[in-house]
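Here the structure is laid out as structure tokens; the discussion comes afterwards.
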Number of protein chains: 2
Amino acid sequence: MPRVRCPKCNNIEGILKAGIVRYRQRYYCKKCDYHFIITIVKNKNNQQSKWNEKQTSLKDIAQVAGLSITTVSRALNNRPDISIQTRNIIRELASTMNYQPNIVAQSLVKRVTHTLGVIIPSLETTIFSTMLSGIHEIAAKAGYKVIICVSNEKHETEIANLQALMNNMIDGLLICHTNQTSSFEHLRSHIGKRIPIVQFYRVALDLPVPQILADDIHGAQQVTEYLIKKGCRKIAILLGSKSLSISQKRLEGYKIALQKNNIKIDNKLLCHIDFSLEMVVEAIEKWLKLTPKIDAIISISDKSAVQIIRYLKKKKINVPDQIKVFGFGNEFVGEFIAPSLSTFDTNTKLVGEEAAKLIIEELITDVQILEPKIVAGKIIIRDSA
Amino acid sequence: MPRVRCPKCNNIEGILKAGIVRYRQRYYCKKCDYHFIITIVKNKNNQQSKWNEKQTSLKDIAQVAGLSITTVSRALNNRPDISIQTRNIIRELASTMNYQPNIVAQSLVKRVTHTLGVIIPSLETTIFSTMLSGIHEIAAKAGYKVIICVSNEKHETEIANLQALMNNMIDGLLICHTNQTSSFEHLRSHIGKRIPIVQFYRVALDLPVPQILADDIHGAQQVTEYLIKKGCRKIAILLGSKSLSISQKRLEGYKIALQKNNIKIDNKLLCHIDFSLEMVVEAIEKWLKLTPKIDAIISISDKSAVQIIRYLKKKKINVPDQIKVFGFGNEFVGEFIAPSLSTFDTNTKLVGEEAAKLIIEELITDVQILEPKIVAGKIIIRDSA
DNA sequence: AACGGAAACGTTAACGTTACCGATAGATAG
DNA sequence: CTATCTATCGGTAACGTTAACGTTTCCGTT
């Protein structure tokens with residue numbers, strides 16, 4: 001027989017066991033028809049580690065001040081309906097008690113987190129980190145935090161990142177697609193829902209989602225025209241994935257320039273790659289075998305252009321006399337390589353800034369601008385062309 | 001006289017105005033001693049825009065399933081105390097209703113956000129974005145999100161960022177200090193509180209905060225010894241802010257190497273700068289005036305080293321014959337410049353990874369490792385030395 | 001039949017904040 | 001003096017989720 005006292009009638013007799021709930025014995029008192037479990041009174045002072053330091057809340061301040069939580073909230077949020085005296089008292093109290101508002105609770109009730117999500121293909125490529133820098137700068141100025149997600153140029157990672165970010169926590173999403181990305185179904189299901197989206201740099205042109213683009217068409221056109229003016233006729237061009245806007249648009253600019261100058265477009269001079277060193281080398285070797293010989297190479301990225309220059313140097317092919325080389329992006333390295341790299345400055349930081357501005361504008365005004373915005377760039381002539 | 005009916009006694013007579021509350025008329029019924037405001041019944045169907053699409057919550061599922069919220073929560077969280085049948089029913093329902101848990105609410109009650117805050121000086125410098133990449137990689141694998149804050153090498157911005165991040169929202173903080181940062185009081189007040197901190201790369205050595213360091217002493221020592229072996233005796237060194245660990249430690253390694261080889265340390269060969277191009281040039285010009293002539297320059301950063309090489313080239317000073325140049329960091333550009341840059345690879349990505357590992361370990365096990373952890377690097381010999 | 005065990009559910013109270021509604025006292029106008 | 005106003009406060013219910021605790025039902029033992 002268990003020697004247990006009923007907490008209701010205070011009796012010891014007539015108490016039966018009545019099952020076990022979560023590893024604890026349950027009892028039943030016959031006399032007062034009452035089920036109970038012996039509850040161990042917890043020691044409230046069991047502050048095990050230092051992290052247990054609780055943040056002061058509105059409740060704490062209200063208790064000390066002898067006021068209601070509402071009043072304290074009013075005082076700290078500069079609301080009307082409060083006297084200047086109590087306001088000051090509360091504010092002083094809050095500062096001495098080192099009060100910091102709980103942003104999570106605020107977010108829950110306001111349904112706004114002041115956080116932007118950014119999905120980019122890589123952090124170790126200058127253009128992307130530069131764009132991210134631009135995004136962060138504008139976001140920080142507007143009081144937004146930035147959560148980053150790196151897709152590592154992998155389509156599946158991009159999808160996973162999208163899911164993770166879309167769950168909650170963010171007010172808006174900025175996305176720059178993977179080199180691999182050819183289908184955009186994962187994005188489509190989020191369009192027009194709770195969270196606004198902006199695409200930047202690498203975008204899906206036909207998606208009804210606001211987009212910020214570098215001046216790909218004009219850039220490629222200017223570069224090609226410059227090379228033609230310099231006497232080049234067999235101009236090769238290195239492109240990325242076919243489904244990406246940067247490949248399409250830059251190819252478009254390239255073609256426009258050729259057509260304007262009555263030069264036939266030769267498909268053997270076009271090459272779509274994924275920017276690995278092997279594929280770059282493969283492309284050059286194929287081009288070098290052609291006759292008549294090519295006299296210029298335009299690369300869609302500075303990184304590849306630099307590798308091209310190095311390869312040509314190794315093969316004792318003079319740049320720019322035999323083959324002129326043009327890059328895209330104006331990365332740091334281009335200025336210091338010999339011969340220094342001519343390139344088109346896509347103004348990547350500004351692309352990031354504009355993307356951030358666009359989404360913040362949409363968040364504030366609730367107005368979507370679907371017309372693609374193009375960020376102007378400029379051609380930079382150095383020794384390689 | 002207002003023609004208003006009392007909602008309590010339904011009378012029209014004896015009703016007086018009784019002030020205005022928030023721009024709305026308030027009335028007082030004499031008969032039943034009752035104050036009231038005519039309340040406009042809100043139109044519940046005022047779904048103005050598409051963002052109003054409410055996420056489905058546990059409550060919604062519970063309502064549809066005819067079960068309690070708790071049971072639904074149990075089913076979706078794979079808790080015991082639930083039958084396999086109802087579990088399946090609820091899970092299916094959740095998927096058809098497209099349920100996504102509200103992370104903000106979870107964070108509020110669990111007091112954990114699964115988010116790390118990172119403060120870095122810049123996003124446009126390769127080493128920092130590379131470290132960030134390492135941090136993100138590890139964090140993502142462990143299921144943590146990453147919020148970035150860029151201090152732009154400004155001390156005040158670092159303080160502001162710290163405040164903003166510490167408020168809430170993050171479970172842990174990773175910080176790499178500004179070039180300017182010489183006082184660390186802003187950090188000190190957060191030590192040992194609710195949120196664990198880890199310093200990386202640029203750290204305050206004497207702070208009781210876990211830290212991840214590059215192998216500054218050995219790196220500088222190896223570089224200096226290599227130069228000495230090559231016959232250099234007047235080795236200049238370009239350093240950052242005096243209060244930073246990277247400056248102190250690298251100077252230490254430099255001195256060790258000199259002392260080992262019985263070479264006197266010449267203070268005129270040391271220079272602390274903030275890495276602006278002007279200060280780099282100023283430093284070189286000062287050094288070039290010295291007699292006997294210097295025969296090597298070690299720069300604390302690759303970026304400056306590249307600028308040094310370019311300056312020397314312009315001045316027709318041969319690198320490496322007249323002056324050998326060594327960098328620190330192994331950035332992309334070093335491989336492509338002519339002469340290619342010898343450097344010490346500090347393994348920056350690994351620094352980021354280790355920092356992230358350290359803080360996640362601390363978050364899980366609640367154990368702090370105050371012993372500084374040093375990430376090994378390796379010397380890379382190219383043409384400039 | 002009486003008792004004990006276990007599974008499977010429900011209730012309630014948090015977490016910290018804000019929004020909506022209401023209440024009161026003292027001031028003011030007529 | 002009475003009717004009205006204004007300024008300043010409090011109460012309560014959300015927001016969506018989890019955790020601690022109770023309850024019910026069904027089944028096997030004695």
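Since the model is a prediction, treat every value here as computed from it, not as a measurement. A note on names: the letters A, B, ... follow the listed sequences, proteins ahead of strands, and every chain is numbered from 1.
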Tell me which of R26(A) and T56(B) sits closer to the 5' end of DNA chain D, going by the nucleotide each one is nearest to.
-> T56(B)
Rounded to the Å, how far apart are I103(A) CD1 and dC15(D) C1'?
-> 17 Å
Relative to the 5' end of DNA chain C, which residue comes earlier, I69(B) or Q85(B), by the nucleotide with the nearest heavy atom?
-> Q85(B)
Got a second to check how far L108(B)'s CG is from I103(B)'s CD1, nearest 0.5 Å?
-> 13.5 Å
To the nearest 0.5 Å, how far apart are CG in N77(A) and CD1 in I82(A)?
-> 10.0 Å
Could you check whether the rings of H155(A) and H186(A) sit parallel, tilted or perpendicular, using 30° and 60° as the cut-offs?
-> perpendicular
Contact under 4.0 Å: Q106(A) side-chain N or O vs dG16(C) OP1/OP2 = no
Which nucleotide in the list dT18(C), dC9(D), dG16(D) gets nearest to the side chain of I82(A)?
-> dC9(D)
With respect to the phosphate group of dC9(C), does any side-chain polar atom (N or O) of S83(B) fall under 4.0 Å of OP1 or OP2?
-> yes
Quiz item: T86(A) side-chain donor-acceptor pair to dT8(D) base, under 3.5 Å | no
Could you tell me whether the side chain of T71(A) has a donor or acceptor atom within less than 3.5 Å of a complementary atom in the base of dG10(D)?
-> no
L108(A) has an atom CG; how far is it from atom P of dA14(C), in whole Å?
-> 17 Å
Flag if over 12 foreign heavy atoms under 6.0 Å of CD, E92(A) | no
Send over the distance from F36(A) CZ to dG4(C) P, rounded to a whole Å.
-> 12 Å
Closest to the side chain of D81(A), out of dC9(D), dT18(D), dG16(C), is dC9(D)
Report yes if a side-chain nitrogen or oxygen of S73(B) is closer than 4.0 Å to either non-bridging phosphate oxygen (OP1 or OP2) of dT18(D); otherwise report no.
-> yes
Terminal axes of the helix from dA1(C)-dT30(D) to dG30(C)-dC1(D) (five pairs each): angle between them, nearest 10 degrees = 60°
Rounded to the nearest angstrom, tell me the gap between atom CZ in R79(A) and atom C1' in dA19(C).
-> 8 Å
Reckon S57(B) touches a base, only the sugar-phosphate, or nothing at all at heavy-atom distances under 4.0 Å?
-> sugar-phosphate
Option passing side-chain contact (heavy atoms from CB on, under 4.5 Å) with I197(B) (candidates L174(B), I175(B), I119(B)) = I175(B)
Protein-nucleotide distance (R194(A), atom CZ; dC15(D), atom C1'), rounded to Å = 13 Å
Judged by modelled atom types alone, do T70(B) and S73(B) share a side-chain donor-acceptor pair under 3.5 Å?
-> no
Ignoring backbone atoms, test whether Y99(A) places a side-chain nitrogen or oxygen under 4.0 Å from the OP1 or OP2 oxygen of dT17(C).
-> yes
Please determine if a side-chain N or O atom of R74(A) lies less than 4.0 Å away from the OP1 or OP2 oxygen of dG10(D).
-> no
Kindly say if Q25(A) contacts the phosphate of dG5(C), meaning a side-chain N or O under 4.0 Å from OP1 or OP2.
-> yes
Are the side chain of T113(B) and the backbone of S107(B) linked by a donor-acceptor contact shorter than 3.5 Å?
-> no
Would you state whether a donor and an acceptor, one from the side chain of R111(A) and one from the base of dG16(D), lie under 3.5 Å apart?
-> no
Summary of salt bridge (charged side-chain N to carboxylate O under 4.0 Å, His left out) pairs that have at least one residue in residues 136-148 of chain B, sequence neighbours excluded = E137(B)-K349(B)
Nearest-Å distance for atom pair NZ/P, residues K59(B) and dT18(D) = 15 Å
Rounding to a whole Å, what distance do you find between N77(B):CG and dT17(D):C1'?
-> 9 Å
Send over the distance from L67(B) CG to dA8(C) P, rounded to a whole Å.
-> 13 Å
When we call it a touch if two heavy atoms are under 4.0 Å apart, what does S68(B) touch: a base, just sugar-phosphate, or nothing?
-> base
